[in-house]
Amino acid sequence: MPEEKSQPRQYWLLKTEPTTFSFDDLWNAPKRTSFWDGVRNFQARNTLRDRMKAGDLVFIYHSSTDPTGIVGVAEVVKEGYPDHTAFDPKDPHYDPKSRRESPTWYMVDVKALRRIDPIITLEELRQVKGLEKMVLLQRGSRLSVQPVTESEWRVIEGLRR
DNA sequence: GCCAACGTTGGC
DNA sequence: GCCAACGTTGGC
């Protein structure tokens, strides 16, 4: 068997509205693992499908709540595969243009690793040196699946040590 | 609830 | 291929 090529661990941030699916929901899921469905943006789709790899680490971010912020850390445990909720007419994320034989939308599985307590609010993040270029903090940024650089990851983790 | 910013759609 | 109209996101 050819040996698997290991690449450096990458870092990401996933946004979710906690009224829809919260970090606690992930924490309470079987094996603390769930698929991350419902992403309907092409740039985010490309990241889910092509770039996120098993073992990558993920910040979970709660949006549209008070306060918004990073609430936990998770790990990618299954790489991109078709988002079946797009095939289901009863699902709120149903997309008739996505066919089983050529899916438009993809998802990954993530596993909750630990809570961040207290949460790191958006307001706090805006004040931290070294995060000025973070995608989350850019004006008008609304990507729900976004990259985090290694240095940004270290800076943010350092806030709760 | 408001609305700025952004992504997508579709007429031309 | 342009771009106006529309729908959505998400902080405030």
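Chain naming here is simple, since letters A, B, ... match the order of the sequence lines and numbering starts at 1 in each.
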Engineer: Name all residues meeting the side-chain contact (heavy atoms from CB on, under 4.5 Å) criterion together with E124(A); count only those two or more places apart in sequence or in a different chain, and write none if there are none.
Structural biologist: I120(A), T121(A), L159(A), R160(A)
Engineer: Would you mind reading off the distance between L136(A) atom CG and dG10(C) atom P, rounded to a whole angstrom?
Structural biologist: 10 Å
Engineer: If you look only at distance, which donor and acceptor atoms sit under 3.5 Å apart when one is on a side chain in residues 125-138 of chain A and the other is two or more places apart or in another chain?
Structural biologist:
residue	atom	partner	partner atom	Å
R126(A)	NH1	L137(A)	O	3.4
E132(A)	OE1	G130(A)	N	3.0
E132(A)	OE2	G130(A)	N	3.3
Q138(A)	NE2	E132(A)	O	2.9
Q138(A)	NE2	K133(A)	O	3.4
Q138(A)	NE2	M134(A)	O	2.8

Engineer: Can you tell me the distance, in whole Å, between the CD atom of Q138(A) and the P atom of dG10(C)?
Structural biologist: 15 Å
Engineer: In whole angstroms, how far is the C1' atom of dG10(C) from the CG atom of L137(A)?
Structural biologist: 14 Å
Engineer: Tell me the ring pair (Phe, Tyr, Trp, His ring centres under 6.0 Å) pairs involving residues 123-142 of chain A, sequence neighbours left out?
Structural biologist: none
Engineer: Going by the side-chain hydrogen bond (donor to acceptor under 3.5 Å, both in side chains) test, which pairs reach into residues 51-70 of chain A, not counting sequence neighbours?
Structural biologist: Q10(A)-D56(A), W12(A)-D56(A), Y61(A)-T68(A)
Engineer: Which of residues 63-73 of chain A sit near DNA chain C, with a heavy atom under 4.0 Å from it?
Structural biologist: S63(A), S64(A), T68(A)
Engineer: Are there any protein N/O atoms within less than 3.5 Å of an N/O atom in nucleotides 6-9 of chain B, and if so, which ones and at what distance?
Structural biologist:
residue	atom	partner	partner atom	Å
dC6(B)	OP1	R139(A)	O	3.1
dC6(B)	O2	R142(A)	NH1	2.5
dC6(B)	O2	R142(A)	NH2	2.8
dG7(B)	O4'	R142(A)	NH2	3.2

Engineer: Under 4.0 Å between a Lys/Arg side-chain N and an Asp/Glu carboxylate O for R45(A) and D83(A)?
Structural biologist: no
Engineer: Can you list the other members of the hydrophobic cluster that holds Y81(A), where links are side-chain heavy atoms under 4.5 angstrom apart?
Structural biologist: F35(A), M107(A)
Engineer: Does F42(A) have any ring pair (Phe, Tyr, Trp, His ring centres under 6.0 Å) partners at least two apart in sequence or in another chain, and if so, which?
Structural biologist: W105(A)
Engineer: Only pairs at least two apart or in different chains count here, so list each salt bridge (Lys or Arg N to Asp or Glu O under 4.0 Å) that has a residue in residues 95-112 of chain A.
Structural biologist: R99(A)-E101(A)
